[in-house]
Number of protein chains: 2
Amino acid sequence: MRNNTSNTESQILASAEKLFIEKGFKGTSTTAIAKDAGCNQALVHYYFRTKENLFQKVFLGKFKQLFEQIKVPLERETDFFSKLENMVDVYFNFMIQNPKIPYFIFNELITNPRRRKQLRELFMQKPHQDDVYHQFCASVEKAISQGVIRDIEPLDLLMDVGSLVVFSFLMAPIITDFLDLDQSHLTDFVDHRKREALTLLFQGLRV
Amino acid sequence: MRNNTSNTESQILASAEKLFIEKGFKGTSTTAIAKDAGCNQALVHYYFRTKENLFQKVFLGKFKQLFEQIKVPLERETDFFSKLENMVDVYFNFMIQNPKIPYFIFNELITNPRRRKQLRELFMQKPHQDDVYHQFCASVEKAISQGVIRDIEPLDLLMDVGSLVVFSFLMAPIITDFLDLDQSHLTDFVDHRKREALTLLFQGLRV
DNA sequence: GTCTATAGGCGGATAGAC
DNA sequence: GTCTATCCGCCTATAGAC
């Protein structure tokens with residue numbers, strides 16, 4: 001099965017990805033995408049018809065990429081504190097390698113109700129993706145009944161981990177400017193936050 | 001000292017505040033502001049010259065309002081766990097009453113380097129506002145040396161609290177749509193998150 | 001102070017030649 | 001498939017009458 005996608009088309013998609021992630025939907029023009037892709041603006045519309053269409057493709061693609069990463073530590077069957085450590089580890093690493101993705105996805109989901117509906121439909125179509133969550137719930141409940149961690153709702157645990165991981169990254173650019181940090185100090189900061197997140201979670205979940 | 005500000009001017013400012021917070025800088029036109037304020041678009045520029053100018057006024061005003069709230073529990077001198085409870089309480093309450101402010105400020109600080117510089121200059125001009133932070137640091141270090149809480153850097157503690165509070169609110173609209181919650185269930189959710197945040201912090205900070 | 005009118009630019013999208 | 005040219009709408013900002 002050969003690849004039907006032309007070079008130009010994939011180049012436009014790549015440029016769109018870069019610019020949408022950097023400047024958001026409203027901050028990116030199809031003209032700018034064309035310029036970055038090295039073609040003219042009409043071609044953007046030739047391949048994707050509308051800007052909205054193109055954005056949707058980029059957004060869903062990035063979300064899937066993120067979701068694939070989120071899944072992994074939720075499924076793995078180990079002792080609960082290893083799972084927790086694994087979650088924090090995997091999520092922090094993903095963020096370090098894709099620092100702008102979380103804000104990109106967050107921003108769109110918060111500001112655009114349509115995007116939330118699209119995502120919801122995506123999950124409805126593939127109900128087996130729900131299994132990841134149910135699997136996670138089961139392992140949390142098991143850990144509780146075994147007395148490994150205190151009583152907590154699985155969604156809360158997910159929110160706790162999410163808060164501590166994502167917030168550090170949302171704050172990173174602000175912290176950098178405010179404290180006048182350079183890149184290496186910023187890496188230290190993020191690494192420091194990772195350790196603190198783990199400490200707080202480990203200690204805060206004990207019985 | 002009488003109020004020099006005309007009704008029209010303050011009406012424009014009020015409309016700008018409402019719309020900027022709802023739809024952001026790029027999503028709001030001076031035409032829309034004028035329409036909402038019940039005047040024509042030229043008046044917006046008559047009073048504030050540029051859109052950027054007007055936005056700056058709104059942004060700095062809202063930030064000051066937020067900062068005034070953040071200050072309060074940091075300054076109060078009580079036992080440390082009361083301080084912590086007070087922080088979570090005050091911050092959650094502010095968010096409930098102004099659910100869109102945190103995102104508004106966050107979004108601008110993240111996407112716009114100019115805004116970060118403006119804010120930094122604001123703090124440079126008023127170095128006594130730093131005192132709030134130093135006061136907080138002192139009380140954290142005191143609590144550590146007295147063995148009330150484990151060893152932790154004050155900035156980390158602030159980040160921990162911030163993460164748990166802000167993230168819940170950023171997620172609120174997403175959660176609502178995904179789980180099909182109505183307004184009253186959303187209030188329950190936030191309230192629930194508040195309790196979990198307190199539990200995690202209290203337990204995670206013990207020696 | 002408040003209005004109308006308009007300049008001048010950029011946006012998305014399409015038509016039509018090649 | 002790729003290009004140029006162009007339509008049409010919305011935007012910010014200003015000029016000038018009242």
Side-chain angles (χ1 to χ4, degrees), chain A residues 1-61 104 107-108 111-115 118, chain B residues 1-61 104 107-108 111-115 118:
Chain A
M1 182 174 152
R2 76 178 189 83
N3 191 353
N4 276 320
T5 310
S6 74
N7 277 341
T8 313
E9 183 176 355
S10 61
Q11 183 54 54
I12 290 172
L13 198 61
S15 295
E17 205 170 290
K18 190 181 88 179
L19 292 173
F20 279 143
I21 287 173
E22 247 169 43
K23 298 165 185 281
F25 182 81
K26 290 195 207 96
T28 306
S29 66
T30 53
T31 316
I33 292 169
K35 192 183 168 190
D36 188 272
C39 67
N40 61 74
Q41 184 244 3
L43 271 187
V44 176
H45 292 275
Y46 170 76
Y47 281 113
F48 301 95
R49 209 168 49 84
T50 64
K51 183 184 169 187
E52 167 70 24
N53 233 312
L54 176 53
F55 184 85
Q56 224 173 96
K57 269 219 167 58
V58 171
F59 178 75
L60 289 179
F104 170 67
N107 185 39
E108 271 303 311
T111 55
N112 203 333
R114 180 193 295 144
R115 223 63 72 191
Q118 278 168 11
Chain B
M1 183 175 153
R2 76 179 187 83
N3 190 353
N4 277 321
T5 311
S6 72
N7 276 341
T8 313
E9 183 176 354
S10 61
Q11 183 54 54
I12 290 171
L13 197 61
S15 294
E17 204 170 291
K18 190 181 89 181
L19 292 174
F20 278 143
I21 288 174
E22 247 169 42
K23 298 164 186 281
F25 182 81
K26 291 196 206 91
T28 306
S29 67
T30 53
T31 316
I33 293 170
K35 191 183 168 191
D36 188 274
C39 67
N40 63 74
Q41 184 245 2
L43 271 187
V44 176
H45 291 275
Y46 171 76
Y47 281 112
F48 300 94
R49 209 169 49 84
T50 65
K51 183 184 168 186
E52 168 71 23
N53 233 313
L54 176 54
F55 185 85
Q56 225 174 95
K57 268 219 166 58
V58 171
F59 178 75
L60 290 179
F104 170 67
N107 184 40
E108 271 303 311
T111 55
N112 202 333
R114 181 194 295 146
R115 223 63 73 192
Q118 278 168 13

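Chain identifiers are assigned alphabetically (A, B, ...) following the order of the sequence lines, protein sequences preceding nucleic acid strands; residue numbering begins at 1 within each chain. Atom set for the values below is all heavy atoms of this structure, side chains included, hydrogens, waters and symmetry mates excluded.
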Q | N/O (side chain, B:Asn40) to phosphate O (OP1/OP2, C:dT2) under 4.0 Å | A | no
Q) Closer to the 5' end of DNA chain C via nearest nucleotide, is it B:Gln41 or B:Glu9? A) B:Glu9
Q: State which of C:dA15, D:dT2, C:dA13 makes the closest approach to the side chain of A:Lys51.
A: C:dA13
Q) To the nearest 0.5 Å, how far apart are CD in A:Glu17 and OG1 in A:Thr28? A) 12.0 Å
Q | B:Glu52 CD to D:dC11 C1', straight-line distance once rounded to whole Å | A | 16 Å
Q: Could you point out which residue of B:Ile33, B:Thr30, B:Asp36 forms a side chain to side chain contact (heavy atoms under 4.5 Å, CB included) with B:Ile12?
A: B:Ile33
Q. Okay, side chain of B:Ser10, backbone of B:Asn7: is any donor-acceptor separation there less than 3.5 Å?
A. yes
Q | B:Glu108 and B:Lys26 ion-paired at < 4.0 Å | A | no
(Q) If you compare every side-chain N and O of B:His45 against the phosphate oxygens of D:dT12 (OP1, OP2), does one of them come in below 4.0 Å? (A) no
Q: Measure from the side-chain heavy atoms of A:Ser29 and tell me the nearest of C:dT14, D:dA13, C:dG12.
A: C:dG12
Q. Can you check the A:Ile12 CD1 to C:dG12 P distance for me, whole Å?
A. 14 Å
Q. In whole angstroms, how far is the C1' atom of C:dA13 from the CZ atom of A:Phe55?
A. 19 Å
Q) Phosphate oxygens OP1/OP2 of C:dT2: is one of them under 4.0 Å from a side-chain N or O of B:Thr8? A) yes
Q.
For a quick test of reading the model: is some side-chain N or O of A:Tyr47 closer than 4.0 Å to OP1 or OP2 of D:dT2?
A. yes
Q | Value in whole Å for how far the P atom of C:dA5 lies from CG of B:Leu43 | A | 15 Å
Q) Which of the following nucleotides, C:dC3, C:dG11, D:dT12, is nearest to the side chain of A:Thr31? A) C:dG11
